[in-house]
Every structure is written in C-alpha cells, then in structure tokens.
Amino acid sequence: MVELIVKKRNGLELSKDELTSIIDGFISSEIPDYQISAFLMAIYFKGMNSTETAILTDLMMRSGELIDLSEIEGIKVDKHSTGGVGDKTTLILAPLVAAAGVPVAKMSGRGLGHTGGTLDKMESISGFSVDMTRAQFIENVKSHNIAVCGQNANLVPADKKLYALRDVTATVNNISLIASSIMSKKLACGADAIVIDLKVGHGAFMKTLEDAEELAEVMINIGAKMNRKVIAVITSMSEPLGYTIGNALEVKEAIDTLKGHGPEDLTDLCLELGGHMLVLGEVAENHEKAVLKLKDLIKSGKAFDKFKEFVEAQGGDVNCIEHPELLPGAKYQRTYKSNENGYLSELNALDIGLTSVKLGAGRETKDSAIDFGAGIRLLKKMGDFVENGEALAVLYSNDESSFEKAVELMDLAYKISEEKPKEKRLILKTMR
Ligand code: URA
C-alpha cells in the first residue's frame, strides 16, 4: 500500500489491478484507515484521470447489491440532484415523468446537513412508507409506473465507508471522488440513463461554473464508459428553489406545481429536467416536444392524478394531498422582516438551509428526529424590492425556543442593496 500511495502522491496513473487491491483491502479492513486517508489526500492533490475514475466507480458500484430493473419494461431514466435547499423537484418530476410513460423506479435519500431529502419530505404525508421489499418496489413500478424507496445498506457499501473517511479527512471536495461516489450509486440502482441536476452556488458542493462543468464532464465520461447516457444540467443554487423550505411545506409547493400554479423557477427546472428524461426515455422526439407534453399533463390534471395514485400505492393518506391544510403544521410562527429599504441582492441558500435545520426541519445529527411541520416560507426572492419593516419570510416551528437562533441565521442570509442585482439565470448550461 505504501508503494501505491507513493505512486499516486507522485501523480502517476494506477492500474485496474492496483485500484482493485486498494478497494478490496479497504472493504475488508486489511488496509488500515490511515493509509486510505493518505491515499485519498494524494488523490485530492494529484487527481485521477478518466480511466482511473471509471475503474474506481465500477469497483465501488460492485461492492454491494446491484439492482436489476430488467423486469420493468421501458427505458428507466433516473434523476439525481447534487443537493440543494428547497429542492423538491423529485416530488414533482417522479409523477410527472411517470404520467408521460417513463417508468420511475427511484431510490432516494434522507436529508443531512443543510439540504433536505426526498424520503423525509414524502414521509410528512401521513401513512406514506418508503420501506418496501425489492419485489414490492418492482411490482409498484409495474402497476403504477412509479415507486420511490430508500437505499438499503447493501447498496454501494464501499462508498459509505469511503465517504465517511473523506468527511473527516477534508477530502470530500475532489471531482473524481465526488463523480465516482454519485455515479456508483446511480449505476447500482439500475438506471439505463441518468439526468443530473448539478447545482452550483452558495448552497451547493460546486461553488463555480467551471468546477461544475468539470464535474459534469467527468460524470458524462463515466456514463459513456459504462454504456449509459448521462445528461448534466448545471443550475444555480445561489438562492433556495421555490418559496418553501421544510418537509410538509415543500410537499404543499410540489402539489401547487403539479396543479400548474407553482413558482416559476421550480416549474421551469422541472420542465427542463423532465424534458431530458422524456427524450432519454424515448417517449418524446426532442426536448421541445417533451416540454409541451409535460405542460399538457399538468394542465389536464393527469400529473396530479399520478401523484395521488403514487401516494396511495405507498400507503399515504390521499386526503392530505387533496386538502394540503391537513399536512403537518407548526404551533408557532414568526415573521422575519426587513430593517431597510432596497433590493434583495443576496438570499444565501446555505444559511437558509441551516435556519430550517435549526427550526427542526432537518437533522443536526444522523439520528435526529424531524419536525415535518417546521420550515420557512419565503415571501421575497432575489431582485425583489423590499421596504423597511416589510415581511421577508415566515418561520415555522413546533419548538418556540428555536426562533432566537434561527433569526440570527436568517440575518446572515439576507443582503439588501440600493442597486437592483443583475438577473441570475437558473439554468446555466446543459452538457451531454
Ligand atoms: N454526493 C455524493 O453522493 N457523494 C459525494 O462525494 C458528494 C456528493
């Protein structure tokens, strides 16, 4: 192992056999964590080329269970978001795309840190269950064209172990390691094609467009080496997506969007990503026609009907979907106000995400309980003019004592300027 660390430290390429022996030794714990840590740091500084990155992805993917979706007819297209604040796109896209005829067999994650997770959001619907056997999961996709479940412990165990080590050795932020971590999980879930929503900005892993482009290219390359089509859409995460952050609040906004009256940014993003999913799933000829099809499904109510069917199939109370006021709420609320006149020039997604965790909407540790009714409703977004004393947002929590700290975090998120900020585009670039 020392020789292999030296080799990578000197910037040389590792062979398939060498990478295999490292990953095998790591999984079996024959190679101690301190040597893997040094190896990760060598990768962090010297990088890996596209061949090494694809080999690492393949090794990680094969470290656990591989989901076989071949029983399900049609091209299975998965969507992955690199994580954002207020990102409820899966709640909208899954039923929307399923209604268009693309089978949705989705394994999602829970929220951790400042970003939320699809499973937690769905569980804010009374009775909704994300725990199902593999057979049930496949059966639901076959009969409803849609199922969303959690990833079991056997899925890519090498990534779980490696990520935990990266997290404590300051080696998370390396493009090859991020790309292989994300792609190994997506590929193990059995998708034929993948659309990646690659976030860039304050609330995201990638802080600059250049870094996001590099990551997109590496992920597309991994897909090509494994015969899977990958489209990466680079989108801005400088402010939260939509107007709500927090589980039940986000379900309500997803329902509005499926009914055709959601916020513009969220609707646009869902149509953009969904359009690529329909083309990859070969149910639309091109992106333009795909978007028209999606708009029709929203207008006709078929997308919302599919959402209700999906909720019911997984044990959820459809009454809560028809009457969203029945979803979990919060006992306490606080209005957060501006103390100056001007244009809202910054609405830092990271700080807003951290505020929502403070209010109870997210997990401070892996095992924290979630308050489904907690969160934030934004009343203003970047570029809006606000007056002194005008309400900027409403905070919701079932723990009144959380407001003091939450307001301190909100103060960090907002910047008001005399000049109107330049309009920021949401969809920055599409790469394939
Ligand atoms: N998300 C992942 O799954 N892995 C990373 O390394 C970074 C983000």
Side-chain angles (χ1 to χ4, degrees), residues 19 23 26 36-37 39-45 47-48 50 52-65 67 78-85 87 89-90 106-120 150-191 194-208 211-223 226 228 230 232-235 237 349-350 353 362-363 366:
L19 284 166
I23 296 301
F26 177 53
I36 298 292
S37 304
F39 175 63
L40 288 169
M41 195 54 89
I43 293 177
Y44 182 86
F45 282 113
M48 288 200 295
S50 61
E52 289 172 299
T53 308
I55 294 169
L56 177 65
T57 308
D58 190 59
L59 288 168
M60 295 220 290
M61 175 186 91
R62 290 180 199 287
S63 67
E65 187 185 355
I67 311 292
D78 203 352
K79 190 261 335 179
H80 177 78
S81 158
T82 59
V85 176
D87 186 354
T89 50
T90 297
K106 182 130 190 68
M107 298 193 177
S108 288
R110 297 199 176 274
L112 189 62
H114 69 282
T115 62
T118 298
L119 301 185
D120 299 324
Q151 298 172 354
N152 73 17
N154 284 332
L155 202 85
V156 198
D159 177 62
K160 286 195 185 76
K161 205 169 165 195
L162 205 60
Y163 193 91
L165 203 53
R166 286 165 60 204
D167 205 20
V168 293
T169 55
T171 52
V172 167
N173 235 333
N174 168 271
I175 294 216
S176 287
L177 294 175
I178 294 175
S180 56
S181 164
I182 294 173
M183 290 299 288
S184 60
K185 285 176 285 202
K186 289 286 117 185
L187 295 166
C189 287
I194 303 160
V195 175
I196 295 172
D197 178 8
L198 217 165
K199 307 285 191 195
V200 59
H202 296 308
F205 268 106
M206 296 291 119
K207 306 291 178 209
T208 67
D211 283 349
E213 282 171 347
E214 201 183 330
L215 178 59
E217 209 173 301
V218 175
M219 290 199 281
I220 291 166
N221 246 317
I222 294 173
M226 304 218 178
R228 317 277 176 105
V230 175
V233 183
I234 302 177
T235 67
M237 186 34 76
L350 174 60
R363 290 188 182 81
K366 211 162 95 268

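Whatever order the structure lists them in is the order used to number ligands and atoms, beginning at 1. Hydrogens, waters and symmetry mates are skipped; everything else that's a heavy atom, side chains included, is used.
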Chemist: Check whether any side-chain heavy atom of L165 lies under 4.5 Å from a side-chain heavy atom of F26, and answer yes or no.
Modeler: yes

Chemist: Judged by modelled atom types alone, do K79 and T89 share a side-chain donor-acceptor pair under 3.5 Å?
Modeler: yes

Chemist: Heavy atoms under 4.0 Å from ligand 1: which residues qualify?
Modeler: Y163, R166, I178, S181, I182, K185, F205

Chemist: Does K199 form a side chain to side chain donor-acceptor pair (under 3.5 Å) with S81? I'd like the steps, not just the answer.
Modeler: CA-CA 7 Å; K199 307 285 191 195; S81 158; 4.6 Å; no

Chemist: Say you draw a straight line from CE of M183 to CD1 of I194; how long is it, rounded to the nearest 0.5 Å?
Modeler: 4.0 Å

Chemist: Measuring from I23:CD1 to I36:CD1, what's the distance to the nearest 0.5 Å?
Modeler: 6.5 Å

Chemist: Can you tell me if E217 has over 12 outside heavy atoms packed within less than 6.0 Å of its CD?
Modeler: no

